[in-house]
Amino acid sequence: MTATVAPEPQSPLPAWNDPRLGTEARVDALLGEMTLQEKIAQLFGVWVGASDEGAEVAPHQHDMEETVDLDGLLPDGLGQLTRPFGTVPVDPAVGALSLLRTQRRIAAANRFGIPAVAHEECLAGFAAWGATAYPVPLSWGATFHPGLIREMAAAIGRDMRAVGVHQGLAPVLDVVRDARWGRVEETIGEDPYLVGTLATAYVQGLESAGVVATLKHFAGYSASRAGRNLAPVGMGRRELADVILPPFEMAVRESGVRSVMHAYTDTDGIPSAADAELLTGLLRDTWGFTGTVVADYFGIAFLKTLHGVAGTFGEAAAAALAAGVDVELPTVKTFGAPLLDAVRKGEVPQDLVDRAVRRVLTQKLELGLLDPDWSPVPAALEGADTTADPETLRGTIDLDPAANRALAARVAEQAVVLLRNDGTLPLDPAAPRRIALIGPNADNPTAVLGCYSFPVHVGGQHPDVPLGIDLPTLRDALLTAFPAADLVTAPGCGVDDPDTSGIAEAVALARGADLVIAALGDRAGLFGRGTSGEGCDAESLALPGVQQTLLDALLDTGTPVVTTLLSGRPYALGRATAESAAILQAFFPGEAGTAAVASVLSGRTNPSGRLPVSVPRHRGAQPSTYLAARLGQSSEVSSIDPTPAFGFGHGLTYTTFAWTDLAVDNDTAPTDGAFTLALTVRNTGERPGTELVQLYLHDPVASVVQPVQRLIGYHRLELAPGESSRLQVTVPADLASFTGRDGTRRVEPGALELRLSASSTDPRLTAAVTLTGPVRAPDHTRYLHATFAPRPTEATA
């Protein structure tokens, strides 16, 4: 007798909602049921703003877009909601209510119950009213501390996810090539290895909170000619491969990132948004990226309006879709009716639409948006009565709690860079003295914020709305840090105002003081409304306005001057480079930034920041980074000297360190091998402090021109007075690879120098080593890191 097997019970759920099925099967089932219009609806966003009354979001109108008929769009579905919290000031709890009501409406309006992905900016914290304003990415670079940046990003992600946001448009992986570019503040620095390691850490943190991170801008945006925003990029393929692309490659390989944003620019005539070799060939086919590629705002339309490689918006949509762009942001322009018409006319294969929709639906499934138990209620409103009067929710969600503020303070403190000190610092907090705090950033609460922080990016358009977070000015912070001091203050001048009439008053205060703290730098803004930020490019690296005139006048008084910069880029400081008693650099250090500066001034914090970008000696010696070949160095045949005043990686502390006992285990290795060396670092001062061991590679002879040196590793050491650490460093030969004449990566035999340095201008120990054997062609699976570890048998305390 044959036993009968009972059939599997049929699920009452549609296949795409059935969690028992695999991802591919669920997506296949949904794709098989969708019409062309429903598919295309998943490929664009709509720019909205949450309602501060708790009502559903309303489409945001922008001078680059037409009115959007949300009622007409929603029956087919919607791919994304653009910046519900980051468009207008809205109470976080009421905004979350507005978003959940909108998501419920979106899901109810389409046949499959698919909600939208909500995305926000998170470049220096969640860009929402009342959310913590962390230091900008250039300050992340100054920390050289991936673990700390990972922790910060996880906190940002948790706040975003708690109110219903799924995707964050960060980090920026552009490598600084010209510091005149306005968006330098958004970058992590001028070295691809530093950018890659910190951006990868940020992505890991954000993704750990369940938020989709977005790498941008892929690729080459920061290399625009003359440092102008959205200008052509003229670099060669080797510069692209060896300087611009490595941070993206590292993040794709190591971070779990799920989205990439194309760049606005064209490189050698090919716009990134239409570059299939970049967005599909390299990103997906070679590196193995499986997530979504999203458009930078209006970037697909720019193929027609700015680049001139498309005659119609339909042609622009076709070019972007074919290249590998999956989602149009911020709103529907080309991926709506123009794309639909092009597909119906046979001008765009429907397979390309299906390819993009598959990626979008896969991501929505991974986010849980297709699960049967999906709810539009975000974690922060669980248990709340979302049907009651929205006013009962107002003020119940805190996006700037004490833990966030403490974390922001740690990042800010570790990002402050002490560039110069003649012994004036640290200042005794208990000593009575008269301090003259002079400068346009002395008493300005937003002087610590970058252009993508909410109070600047959005709040500036709503001057009657409170800032939403506590932003103590530098004057406030100094009054707290130095209670015994007599503090007098004057602006002296504006940030970029040509008026010099206030300098006389400032000089008089300086003459009567024991010490001057000159609070100088930038005002963040957008498109010309600031001296730093998107569209705020600089003609030169002179301090904006008449700040240099003010600084020189303060130096002329003979009173010791501590030059303190709150800025988004490095500036040439003229004679102050040598004549200041001390120089502190803080790159828009966020809401805890002024307290961090005061903490370093008082010695409560021993500075540990290092420069992520070189500080120029001359205002016009651009473009220049430390990553320059021999012809990029100072020479007798040019009257322009690009030698920096303070080089990449430079930073002082209040203690001293000795580097000794270099040992090279093997001074030869095959081109597929590795070198191992060791050194001892000892704190020889009287204070605990942090030393940063930086490892640079110098390749004296190569088949193509190489930079004189480049960073291939770094390691932070925190040592007590008298404490030492014996470090072992393993350097894979892959780190000596570069792109050869034929466009492929290669490791060549020959002599190398491994420079263990305190900065790019301060080598401490040098190991002469040699690679042997044949030329080798490593691929995208090559080693990316040197490893630093305590020497197993020699670690000391």
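What you see is a predicted model, and the numbers here were worked out from it, not measured in a lab.
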- prompt: Can you list the steps and then say if Arg105 with Leu70 is a side-chain contact (heavy atoms from CB on, under 4.5 Å)?
  reply: CA-CA 11 Å; Arg105 174 188 173 192; Leu70 201 56; 3.9 Å; yes
Check whether [X] reaches the backbone of [Y] with its side chain - one donor and one acceptor, N or O, closer than 3.5 Å.
X: Asp18; Y: Leu13; value: no
X: Asn110; Y: Phe112; value: yes
X: Arg394; Y: Val94; value: no
X: Lys333; Y: Pro338; value: no
X: Trp16; Y: Leu365; value: no
X: His262; Y: Ala295; value: no
X: Trp140; Y: Pro135; value: yes
X: Lys364; Y: Pro115; value: yes
X: Ser453; Y: Gly450; value: yes
X: Thr132; Y: Tyr134; value: no

Close side-chain approach of [X] to [Y], heavy-atom, < 4.5 Å:
X: Leu169; Y: Cys122; value: no
X: Leu361; Y: Met34; value: yes
X: Arg83; Y: Tyr297; value: yes
X: Thr102; Y: Val48; value: no
X: Arg150; Y: Ser208; value: no
X: Phe588; Y: Ser532; value: yes
X: Arg104; Y: Val377; value: yes
X: Glu38; Y: Ile114; value: no

message: Suppose we screen for side-chain hydrogen bond (donor to acceptor under 3.5 Å, both in side chains). Which residues come up paired with Arg101, at least two apart in sequence or across chains?
response: none
Donor on one side chain, acceptor on other, [X] and [Y], under 3.5 Å:
X: Tyr452; Y: Glu534; value: yes
X: Ser375; Y: Asp373; value: no
X: Thr214; Y: Gln167; value: yes
X: Ser222; Y: Trp181; value: no
X: Asp174; Y: Thr187; value: no

How many angstroms lie between atom [atom1] of [X] and atom [atom2] of [Y], to the nearest 0.5 angstrom?
X: Arg358; Y: Glu24; atom1: CZ; atom2: CD; answer: 6.0 Å
X: Leu97; Y: Asp52; atom1: CG; atom2: CG; answer: 11.0 Å
X: Ser98; Y: Gln103; atom1: OG; atom2: CD; answer: 10.5 Å
X: Asp76; Y: Ile40; atom1: CG; atom2: CD1; answer: 9.5 Å
X: Ile106; Y: Leu78; atom1: CD1; atom2: CG; answer: 5.0 Å
X: Thr334; Y: Ile300; atom1: OG1; atom2: CD1; answer: 4.0 Å

- prompt: Aromatic rings Phe85 and Phe126: how do their planes relate, parallel, tilted or perpendicular, breaks at 30° and 60°?
  reply: perpendicular
- request: Return the orientation label for the Phe298 and Phe302 ring planes: parallel under 30°, perpendicular over 60°, tilted otherwise.
  value: tilted
I'd like to know if [X] pairs up with [Y] as an ion pair, taking the criterion as any Lys NZ or Arg NE/NH1/NH2 lying under 4.0 Å from an Asp or Glu carboxylate oxygen.
X: Arg410; Y: Glu151; value: yes
X: Arg258; Y: Glu207; value: yes
X: Asp371; Y: Arg26; value: yes

Determine the minimum heavy-atom distance between [X] and [Y], stating which atoms define it.
X: Gly168; Y: Met160; result: CA-CE, 3.8 Å
X: Phe454; Y: Gly86; result: CE1-CA, 4.1 Å
X: Ala263; Y: Ala219; result: CB-N, 3.6 Å
X: Ala323; Y: Thr280; result: O-OG1, 2.7 Å
X: Ala15; Y: Leu21; result: O-CD1, 3.6 Å
X: Gly460; Y: Pro463; result: O-CD, 4.0 Å

task: Start with the C-alpha distance between Leu148 and Val411, add both sets of side-chain angles, then the distance that settles side-chain contact (heavy atoms from CB on, under 4.5 Å), and finish with yes or no.
output: CA-CA 7 Å; Leu148 180 61; Val411 179; 3.8 Å; yes
field: Listed once per pair and sorted, the side-chain hydrogen bond (donor to acceptor under 3.5 Å, both in side chains) pairs that draw on residues 337-356, sequence neighbours left out
entry: Lys39-Asp354
field: Heavy-atom neighbours of Glu391 CD exceed 12 at 6.0 Å
entry: yes
query: Are Asn229 and Tyr264 close enough, and set up right, to give a side-chain contact (heavy atoms from CB on, under 4.5 Å), and what steps lead you there?
result: CA-CA 10 Å; Asn229 190 48; Tyr264 280 137; 5.9 Å; no
message: Run Val327 and Phe335 through side-chain contact (heavy atoms from CB on, under 4.5 Å) and show every step you take.
response: CA-CA 8 Å; Val327 180; Phe335 272 18; over 6 Å; no
